[in-house]
Structure formats: C-alpha cells, structure tokens
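Here the structure is a predicted model, which is why all the values come from computation and not from measurement.
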Amino acid sequence: MKKLILTTALTCCMGAAAQADVVVMSWGGSYGKAQTEAYVKPFAEKFGIKTTMIDADNPATPIKAQVEAGNVSVDIASLEYADAVRMCDEGLLEPIDASKLAPAPDGTPATEDFLPGALTDCGVSTDIWANVYAYDSTKFPGEKPTTIADFFDTKKFPGKRGVNKRPKAVLEIALMADGVPAADVYKVLATPEGLDRAFKKLDTIKKDIVWWEAGAQAPQLLADGEVVMTTAYNGRIFNAVADEHKPFVIVWDGQVYENEMFAIPKGAPHAEDAMKFLAFSTSTEGLRRSAQWISYGPARKSALKEDLLFHDGKTEMLPNLPTYPGNMKNALETSMEFWVDHQTELSERFNAWLAAN
C-alpha cells in the first residue's frame, strides 16, 4: 500500500497545549494551504476551536480504512465527487443536513445557491477543479502546444510527459486526444472497444511517461526539468506561476473538471463541530476566500463575482477558473456515475497495463 499520510501540515491558532477539536484531512501543497488560509485559520479564530490540517495522497483511502476499523480520527475530509458518493452509499460518511448550511448573503437558501450537483447526501462542494495539462514555455521557443492531442505528439513536441498514476481523467484525456468529442467520451469508454482505444492511445507515450501520485509532484516535475509537460490539477500550476513565477502555461483544451467535496466520516469524534466547520467553510465568504488562494471555482452562485482577486490583490481570478467560458470550449465534466460503477475494474485494468512491458 502506498504511503497515505504525507505530513501534518498545520495546527492553528489556539495554542499548542490544547487538544485538537476538529481535524481536517486534505491533499496538501498549495491546495492545503488555500484551505488553511480560507477555512482553518478563520474558523479557529471565530469559534475558538483548535483545528488541525493533515495531508494525504488521496483522503478517500485512509478515511475508508479508519471507518472500517472503527478508529476514526478525522472530522472533515476533502473527497473527489465519485468517492464521496460511493462512500456515502457504503455507509462510510455522515449524512449532511442541508438546512444547516449558510444561506447566501441575500438570504437565498444554500440549496438554491449552490450550483447543480454541488450538494449530495453526504457531501458539499468546496470548489470546481480540473485535470489539465501544462508545459514549460522555455522548452518550446517556437510553436506551442495548444490542444489535448499535442500532449500525445512526442514527434512535434519531444520530451517526457508527467501523468497521474491512476485511470480517472487519464483515460478520458486519452480518448479526447484520439479524436473522441467530449460529449461522447463516457459512451465510448463504457464499451470494450472504447477502453481498448484509450489504452492504445496511452501506449503511444508510455515509454515517455514520468508518473506522479501527489498533486504537488506535477509542478515540481516541470520545475525540475524532468518533464516538458504534465497533466496536473489546474490550481497547482496557477499557484506555481502566480506565487513562484514559473514559466508554465496551462492548456485548457480537453480539461476534465469536477466538484471537490467536504464530507464528515462516519463516527467522526467531533461531528457537531465538524458540521459547524463545514457550514462555515462552504459559505459564500468561505468559498470566495478559498478562490483568492487557488484557482478553483466556487460552487455557489453568490460567490462568483467579477471582483474576485488572487491574494496578491491584483490578479483577476475568474479567467483562471475551470468554469470560465473561455476555458470550457472543449471541456468534460467527470461522470460521477461512471466512476462509481467502474472504478474497481478500471483500476485493475490500469494497474495491469502499468505492469506490462
């Protein structure tokens, strides 16, 4: 089993001697920092509840293990959409009472203010993020990559490719690069022939792939020169450019976007305070604070305003969000239903493909 917990990122605001009341598990790196600045610190300061952020490669795995072992130490988990739905169906998460969520500033109930699909039985969306690819502009002084097909064209754009080491989004990107329209991807991927087609496309760059597993690794691979382009979470690339002035460029063509969810594990030791944290963090103000730290789109209508700026106070965030109209021209929304139904079998197929010569 791969290493689950990467680091204990931060204990906030109430003194080292106090016992943690709310433990939040997220993905680390710039995303964890954004959630710490937007949610953890303000929550601890407002309510006087000591709050701790810890990191995982993918929080779904340790949360499932904790609940099944009856030894839950996490109160809030950041989960991908399909994981939140599947784990809810398996009884691993607490149901969410939407009436306890904060209304919009004008009084609109949360159930009417969240974007479609952003509320589920056991999860509340914190943001809309995307799998994209990015390249190092210094490696291509002439013609630049502009399409998802270019990621697979190692003759026109030679060099190593960074790719997330799991099938989700990778198979979809492969099909779009092979000419499948975004609207048809899941219909094609659901057939044996379509699945074979996706793996055949991946075969064309397999020898050039450098695999990554944690979100922070993708921009680091670019920065270190180990790859010339990489799939990545769009916010990680944005922050590398905005905070560290890296010469990276996001290609939005073929992006695969989805909601990220906050959920409360079944048996969370501080469930009442966890619900308070969830309502606070997914308020209009909370989601806007998060989008000031990383370019993931707020999941509430009331949070999507033109005055949304990066924490530097200068960079306009809306054009850097996955849901910005100019970034949606050839975009695919992750099918939660598809991955809930096929995650296990496709992971087995993907792992077998990885092991094959």
Review point. Under the 3.5 angstrom rule, does the side chain of D153 hit a backbone N or O of K156 as a donor-acceptor pair?
Key: yes
Review point. Taking NZ, NE, NH1 and NH2 as the nitrogens, is one of them in R349 or D196 under 4.0 Å from a carboxylate oxygen of the other?
Key: yes
Point to revise | Whether D150 side chain and T146 backbone form a donor-acceptor pair below 3.5 Å | key: yes
Practice item. Spell out, as yes or no, whether a donor-acceptor pair under 3.5 Å connects the side chain of D208 to the backbone of K160. Key: no
Practice item. With rounding to the nearest 0.5 Å, note down the distance linking OG1 in T282 to CG in D127. Key: 11.5 Å
Check your understanding: Is there side-chain contact between W339 and T334, with at least one heavy-atom pair below 4.5 Å?
Key -> yes
Review point. When you look at NZ of K168, are more than 12 heavy atoms from neighbouring residues, nucleotides or ligands closer to it than 6.0 Å?
Key: yes
Point to revise | Main-chain N/O of V227 paired to R161 side chain as donor or acceptor, under 3.5 Å | key: no
**Study point:** Any donor-acceptor pair under 3.5 Å from T108 side chain to A104 backbone
**Key:** no
Check your understanding: So if you build clusters from Ile, Leu, Val, Met, Phe, Trp, Tyr with side-chain heavy-atom gaps below 4.5 Å, do F151 and L221 land together?
Key -> no
Review point. So, W211 and N164: side-chain donor and acceptor under 3.5 Å apart, yes or no?
Key: no
Review point. Hey, any chance Y133 and L175 share a hydrophobic cluster, counting ILVMFWY side chains that come within less than 4.5 Å of each other, even indirectly?
Key: yes
Check your understanding: Can S125 and E260 be counted as having a side-chain donor-acceptor contact under 3.5 angstrom?
Key -> no
Review point. Pick one: which of Y81, W27, Y233 meets ring pair (Phe, Tyr, Trp, His ring centres under 6.0 Å) with W129?
Key: Y233
**Study point:** Under 3.5 Å donor-acceptor, D253 side chain and I148 backbone
**Key:** yes
Check your understanding: Are any non-hydrogen side-chain atoms of F238 and M317 less than 4.5 angstrom apart?
Key -> yes
Exercise for review: Mark yes or no for whether K144, through its side chain, and F140, through its backbone, hold a donor-acceptor pair below 3.5 Å.
Suggested key: yes
Review point. Is the closest side-chain heavy-atom distance between K305 and R288 below 4.5 Å?
Key: yes
Review point. Do you see a donor-acceptor pair shorter than 3.5 Å between the side chains of T315 and D312?
Key: yes
Point to revise | Side-chain (N239) to main-chain (W293) donor-acceptor, under 3.5 angstrom | key: yes
Practice item. Look only at the side chain of H270 and the backbone of D21, and say whether a donor-acceptor pair between them is shorter than 3.5 Å. Key: yes
Exercise for review: Decide, yes or no, whether a salt bridge links R166 with E213 under the criterion of side-chain N to carboxylate O below 4.0 Å.
Suggested key: no
Exercise for review: With rounding to the nearest 0.5 Å, note down the distance linking NZ in K100 to CG in L278.
Suggested key: 11.0 Å
Review point. With a 3.5 Å cut-off and no angle check, do the side chains of N320 and S295 form a donor-acceptor pair?
Key: no
**Study point:** Polar side-chain atom of D136 near backbone of M229 as donor-acceptor pair, under 3.5 Å
**Key:** no
Check your understanding: Is the distance between the ring centroids of F262 and Y39 under 6.0 Å?
Key -> yes
